[in-house]
Amino acid sequence: MLDPSPEDDRTSPTVSTPRFVGRDREMAALRGALARPPAIVLVEGEAGIGKSRLLREWLAAPDERTALVSVCPPLRESLTLGPIVDAFRGIDRPVPRLRLTELAGALRPLFPEWSSDLPPALPPLDDAKAARHRLFRALDELLRALRVDVLVLEDAHWADEVTLEFLLFVTSRQHSDGPSIVVSYRPEEVDVGSLLLRLTSRLPAGVTQLRIALAPMRPADTAALVSSMLDGNPISQEFTTFMHERTGGVPLALEESVRLMCDRADLVVRDGQWVRLKLRELQVPPTVRDSTRERVGRLSPTAQQVLRAAATLAERSSVATIAMTAGLSPAACRGAIAEAADAGVLDGDDRGRWRFRHVLAATAVYEAIPLTDRRHVHLLAGRAVENIHPPPLARLARHFREAGETQSWARYAEQSAELAMASGDHTKAVDLLVDLLSWAVLPPEDRARIARIAGVAALGRRETVDELYHRVIRTLRSVLETPGLSARQQAEIRNPLGRLLIRGGEAQAALRELEQAVANLDHDPVEAARTMTYLGWAYAGPWPASTHRRWLDRAAELTAGFASPEERLNLAGNRAAALLMLGEEEAWDVVAGLPIDGTTSAERLDVARIHTNVGTGALIWGRYADAEKHLDVALRLADAEQASRLHHNVRLEQANLAWLTGRWEGLAERSAALADADRDRPAHYLGSIRLAARLAAAAGRRRAAEEQFRLVLEESARLGAADDTMEAAAALARLWLADGNSSRALQITNEPMETVLKKGIWVWATDLVPARVEALIAAGDLSAATRLSDQFARGLRGRTAPAPRAALTVCRALLVAAAGDHGRAATAHDRAARAWSALPRPYEAMLARERQAEALVAHGEVHQGRELLAAQYEQLFRTGARGDADRVAHRLREHGADVPRLWRGGRRGYGDQLSPRELDVVQLVIAGKTNREISRILAKSPATVDQQLRAAMRKLKVTSRTALAVKAVEAGVFAEEDSVSDAS
């Protein structure tokens, strides 16, 4: 221990602001990137690591540039885009002198103080996404009018969703003339699904990209920083080591610790160096919280009172606001603020507003306020903030919530939610309202109204199935149990609840809610018609097609009386898609009358959604040219409106179209990318897995295909998506029929077949009925197979559905072959192949030709059969159906024919490096299994699975599971391991 000695200079040091040290490399990189505009610079690091200091030092440089700086508060602003709005309010260029177009009228809600200088307000838009897009364009115009060179957003981990969407919007328009963007954030506080992570994912050409990850300071830099605070004198090596070990080299912890030690007079100069007294008796606090609380405790009671108020307010606030919150006079408050500022605790701006210099310090002070006192401080804060114009509604809701003032909390939360919805921030609105419904005791009529608004807001969110989605579902169901709700109030809650359940894939639960709701929506014909249309969708429930059709007809009767073209379009588009799902020929007459564009953003989005659904229906019918046309329209409009979710929907259907029409190149990568993008949306995620399963089955990767099809079947059945169970069940049946297991094939198709029979929707059965007929024949029940084929024919009567009709020709050919007439069977299979080729659906056509070839051989036309079989081998191989090609090669050898020698492409240097055990693990990764599931399936420990997975990643030179799956498929790793025989 170092004890004081007579030689010690006991004069307390003067504490200065630390010098900027240890960041020369980062500063050079920042300047270099911003010297090549436009640029995107991400500055990341933990709290207190020096992100803000780096940016302040850069901003202080005498460069000729215009920078707009915004800081995200730890609480969401009531006004959407709050950080951006605050940054604009600090500009010194007069708005009247800017050349703004009429579009700038959209800025009036954000800048009421500029109302006399902005163009007239624009008419409101019904679609929140369109309103948001228009607002973004107006803000972008203002940025360019102000000639902003750099837009800086600090603490972006606290940014509201719409602020981040605006950054993405600006990024998409950077090109060669847009502003550069600098964003600082704490990576540990960024959610996996945060929009912040997308800033660097899809950059336009010509954009400079830089990521600066600030690390803790090294010991030498620690010494330099501490020395710069202590008159520039050096510090001892022992003191340096002590400070670095105890603070981890975090600049904020270093600065706060030095200030604390100086306050306590624990630092002295010895031999020209600053040293620390009593190292073992008084440790440097391991966290900023401890140091902050001790420093604050040394201030006057009035200053402490002001700091508690400032910590409760949590954002920059005026002297008047702080004074009211602290219960002080303005004069006393000013003196206390000066004391806290001199102590380096509070920091002011040029507008006379104050806040803690560091958020961690504010948190430390706030958490030290006794729980019994916090309610009163929040009440005072709420009353003080009520004097701010325009009122910060979300802050008011928070303060009155913490104060226990339910009536004020509910009023401001509801107003804040309405404002957020008007600006397109539906997530913020839902968060506020769900919180209110979860914790506040409200009258039944208020709970019903707020629940209805929360449900409508949730429908407007871009995120679909996340934690907030599940909170909304639980909350709405809870509100429905509130005693005293009228039938109408319940209906207005069940209606959005049912539609939300559809998004989550809970189809049967959705229909139950909607059916209960529609009976009491007479007061709102538009919503009643919309709900009836949803009930007309045949994806779930035990209802036959006739019941769904009656709902659609009732909706059409209501729609005929609507004057609004937008409402008529929306309902007509939904009707068209629903009729297609029902297999009604009338659907195509409705489709013919649909527009291919819109006059407003909202209308274009609706048209895009409608054409996506029509494209999906066309795929089911086998009208692939129609499907491509409608999906092209949908993609054009979705991209024009920057509707990313809708874009993914269209891309998935286009990938399905590519599979069906034999355009398989790159499909493995596309399916993996689609699965990653849609993990939060069950139905779309399962669609991506189904696509991967098709590829796996065709390539002969039996285990992967079986696991993936099982996942699709089980999850689709659980979610109530009956139509999505058909193909998966049929595919599993075909796999088991290849093993000679007809009973298992019949069992897996029982329930889907019952669904088709009960609902009477035979266009769903393209894959199912041929697999079922083949299984019945294999089981020796030829009469049942014949009856099913006849039912299929009757169900398709009068419908121009090429895919189901081609499937019917397959069933008839199978029956002819089962009767032993090989000559007629060859002709029948030829007819089936021609039907598939006409679609075109080449993969199914090749399989039909394979059956035709076998029939020819059996009929004695061996040479012709061999030639046809060899042709199918080559076509299957070149298409990418290596598993099928290997089966055909095996059959060629059995018939005494040579197998054409084709180049298999090799494995690009990867396949030979994977062990059989690693191959098993990779197959299950492709099947979408987790490490725990893989360990259970392979009877291995999780540690062994993890080791083998890492080894496979290393050998294939990838760093993620998705990349591993893509690379394995692309490189043909399983082309030979899973083959029936070596076809070379």
Engineer: So which heavy atom on Ala429 is nearest to which on Ala417, and how close?
Structural biologist: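 Between these two residues, the closest heavy atoms are CB-O, 3.5 Å.
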
Engineer: Apply the test side chain to side chain contact (heavy atoms under 4.5 Å, CB included) to residues Val182 and Leu153: give CA-CA distance (whole Å), side-chain angles for both, the deciding distance (0.1 Å), then the verdict.
Structural biologist: CA-CA 6 Å; Val182 180; Leu153 182 69; over 6 Å; no

Engineer: Verify the neighbour count for atom CD of Glu467: are there more than 12 heavy atoms of other residues, nucleotides or ligands below 6.0 Å?
Structural biologist: yes

Engineer: So do the side chains of Leu210 and Leu42 get within less than 4.5 Å of each other, counting heavy atoms only?
Structural biologist: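 Heavy-atom side-chain distance check fails, nothing below 4.5 Å.
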
Engineer: Where is the tightest heavy-atom contact between Gln304 and Leu299, given as atom of each residue plus distance?
Structural biologist: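 Between these two residues, the closest heavy atoms are NE2-O, 2.9 Å.
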
Engineer: For the residue pair Glu339 and Ser300, confirm or rule out a side-chain donor-acceptor distance under 3.5 Å.
Structural biologist: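 Yes - a donor-acceptor pair under 3.5 Å links their side chains.
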
Engineer: Are more than 12 heavy atoms from other residues, nucleotides or ligands located less than 6.0 Å from atom CZ of Arg218?
Structural biologist: no

Engineer: Would you say Asp425's side chain and Lys428's backbone share a donor-acceptor pair under 3.5 angstrom?
Structural biologist: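 Yes: the side chain of Asp425 pairs with the backbone of Lys428.
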
Engineer: Go through the steps for Ser52 and Glu154 under the test side chain to side chain donor-acceptor pair (under 3.5 Å), then give the verdict.
Structural biologist: CA-CA 7 Å; Ser52 296; Glu154 292 192 58; 2.6 Å; yes

Engineer: Hey, are the side chains of Val152 and Val150 touching, using non-hydrogen atoms and a 4.5 Å cut-off?
Structural biologist: yes

Engineer: Strictly below 4.0 Å, N to O, side chains only: are Arg211 and Glu44 in salt-bridge contact?
Structural biologist: yes

Engineer: With no hydrogens and no angle check, is any side-chain donor or acceptor of Ser228 less than 3.5 Å from a backbone partner on Leu225?
Structural biologist: yes

Engineer: Given Asp347, which partner from the list Arg355, Arg316, Arg56 fulfils the salt bridge (charged side-chain N to carboxylate O under 4.0 Å, His left out) test?
Structural biologist: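 Going through the options one by one, the only one that passes is Arg316.
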
Engineer: Side chains of Val183 and Val41: closer than 4.5 Å at any heavy-atom pair?
Structural biologist: no

Engineer: Within the structure provided, determine whether Leu54 and Val43 are in side-chain contact (heavy-atom separation under 4.5 Å).
Structural biologist: yes

Engineer: On a heavy-atom basis, which atom in Cys333 and which in Ile322 lie closest, and how many Å separate them?
Structural biologist: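 Taking every non-hydrogen atom into account, SG-CG2, 3.7 Å.
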
Engineer: Set out, in order, the CA-CA distance, both residues' side-chain angles and the distance that settles side chain to side chain contact (heavy atoms under 4.5 Å, CB included) for Ser184 and Leu55, then state yes or no.
Structural biologist: CA-CA 9 Å; Ser184 72; Leu55 297 180; 4.1 Å; yes

Engineer: Taking the side chain as C-beta and beyond, is there a heavy-atom pair between Tyr366 and Phe356 under 4.5 Å?
Structural biologist: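 Not in contact.
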
Engineer: Side chains of Leu143 and Leu68: does their closest heavy-atom pair fall under 4.5 Å?
Structural biologist: yes

Engineer: Restricting to non-hydrogen atoms, name the atom on Thr222 and the atom on Gly249 that form the minimum distance, rounded to 0.1 Å.
Structural biologist: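 Scanning both residues completely, I find the closest heavy atoms to be OG1-CA, 4.2 Å.
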
Engineer: Please find the pair of heavy atoms, one from Met27 and one from Phe20, that lie closest to each other, and give the distance.
Structural biologist: CE-CE2, 3.8 Å

Engineer: With a 3.5 Å cut-off and no angle check, do the side chains of Glu386 and Tyr412 form a donor-acceptor pair?
Structural biologist: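 Yes, because at least one side-chain N or O of Glu386 sits under 3.5 Å from a partner of the opposite role on Tyr412.
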
Engineer: Measuring only between side-chain heavy atoms, which start at C-beta, is Glu238 closer than 4.5 Å to Thr241?
Structural biologist: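 Contact flag for Glu238/Thr241 side chains = no.
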
Engineer: Taking Val434's backbone N and O only, do any of them form a donor-acceptor pair with Thr475's side chain (distance below 3.5 Å, no angle check)?
Structural biologist: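 Not at all, since once roles are kept as given, no pair shorter than 3.5 Å links the two residues.
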
Engineer: His378 pairs by side-chain hydrogen bond (donor to acceptor under 3.5 Å, both in side chains) with which of Arg401, His399, Glu402?
Structural biologist: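 Going through the options one by one, the only one that passes is His399.
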
Engineer: Under a plain distance cut-off of 3.5 Å, with no hydrogens placed, do Asp160 and Thr163 share a side-chain donor-acceptor pair?
Structural biologist: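 A donor-acceptor contact under 3.5 Å links the two side chains.
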
Engineer: Arg374 side chain to Glu367 main-chain N or O, any donor-acceptor pair under 3.5 Å?
Structural biologist: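 Yes, the answer is positive, given that a donor and an acceptor are paired below the 3.5 Å cut-off.
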
Engineer: Counting neighbours of CZ on Arg53 that are heavy atoms of other residues, nucleotides or ligands and sit closer than 6.0 Å, is the number greater than 12?
Structural biologist: yes

Engineer: I would like to know whether Asp155 and Tyr185 meet side chain to side chain contact (heavy atoms under 4.5 Å, CB included); could you show each step before the answer?
Structural biologist: CA-CA 5 Å; Asp155 295 332; Tyr185 63 99; over 6 Å; no

Engineer: Using atom types as modelled and distance alone, determine if a side-chain donor or acceptor of Asp149 lies under 3.5 Å from a backbone N or O of Thr66.
Structural biologist: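 It does hold such a pair.
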
Engineer: Does one side chain, of Thr427 or Glu161, offer a donor that lies under 3.5 Å from an acceptor on the other?
Structural biologist: yes

Engineer: Can you tell me how far CG of Asp221 sits from CZ of Arg19, rounded to the nearest 0.5 angstrom?
Structural biologist: 9.5 Å

Engineer: Donor-acceptor pair, Arg293 side chain versus Val365 backbone, under 3.5 Å?
Structural biologist: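 Not a single qualifying donor-acceptor pair exists.
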
Engineer: How long is the straight-line distance from CG of Asp446 back to CZ of Arg411, given to the nearest 0.5 Å?
Structural biologist: 12.0 Å

Engineer: If you measure from CD on Gln305 to OG1 on Thr325, what distance do you get to the nearest 0.5 Å?
Structural biologist: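 So the CD of Gln305 and the OG1 of Thr325 are separated by 11.0 Å.
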
Engineer: I'd like to know if the side chain of Thr312 reaches the main chain of Arg308, judged simply by a donor and an acceptor atom lying under 3.5 Å from each other, with no hydrogens or angles considered.
Structural biologist: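 Answer holds: yes.
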
Engineer: Which is it for Leu396 and Trp409 under the side chain to side chain contact (heavy atoms under 4.5 Å, CB included) test, yes or no, and what are the steps along the way?
Structural biologist: CA-CA 7 Å; Leu396 286 166; Trp409 169 23; over 6 Å; no

Engineer: Considering only heavy atoms from C-beta outward, does the side chain of Leu328 approach that of Val306 to under 4.5 Å?
Structural biologist: yes

Engineer: Judged by atom type as modelled, is there a donor-acceptor pair below 3.5 Å linking the side chain of Ser180 to the main-chain atoms of Ala39?
Structural biologist: yes

Engineer: Mind telling me whether Phe111 and Phe88 have parallel, tilted or perpendicular rings, with 30° and 60° as the class edges?
Structural biologist: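 Phe88 vs Phe111 ring planes: perpendicular.
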
Engineer: What is the distance from atom CD1 of Ile40 to atom CG of Leu167, rounded to the nearest 0.5 Å?
Structural biologist: 9.0 Å

Engineer: In Å, rounded to the nearest 0.5 Å, how long is the span from CE of Met324 to OG of Ser317?
Structural biologist: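 Taking CE in Met324 and OG in Ser317, the distance rounds to 12.0 Å.
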
Engineer: Identify the heavy atoms of Glu165 and Leu195 that sit nearest to each other, and give their distance.
Structural biologist: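 Smallest heavy-atom distance, with atoms named: CG-CD1, 3.2 Å.
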
Engineer: Is a salt bridge present between Arg471 and Asp431, judged by a nitrogen-to-oxygen distance below 4.0 Å?
Structural biologist: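 So Arg471 pairs with Asp431 through a salt bridge.
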
Engineer: Between CG of Leu252 and CD of Glu46, what distance do you get to the nearest 0.5 Å?
Structural biologist: 10.0 Å

Engineer: Sub-3.5 Å donor-acceptor pair from the side chain of His426 to the main-chain atoms of Ala457, do we have one?
Structural biologist: no

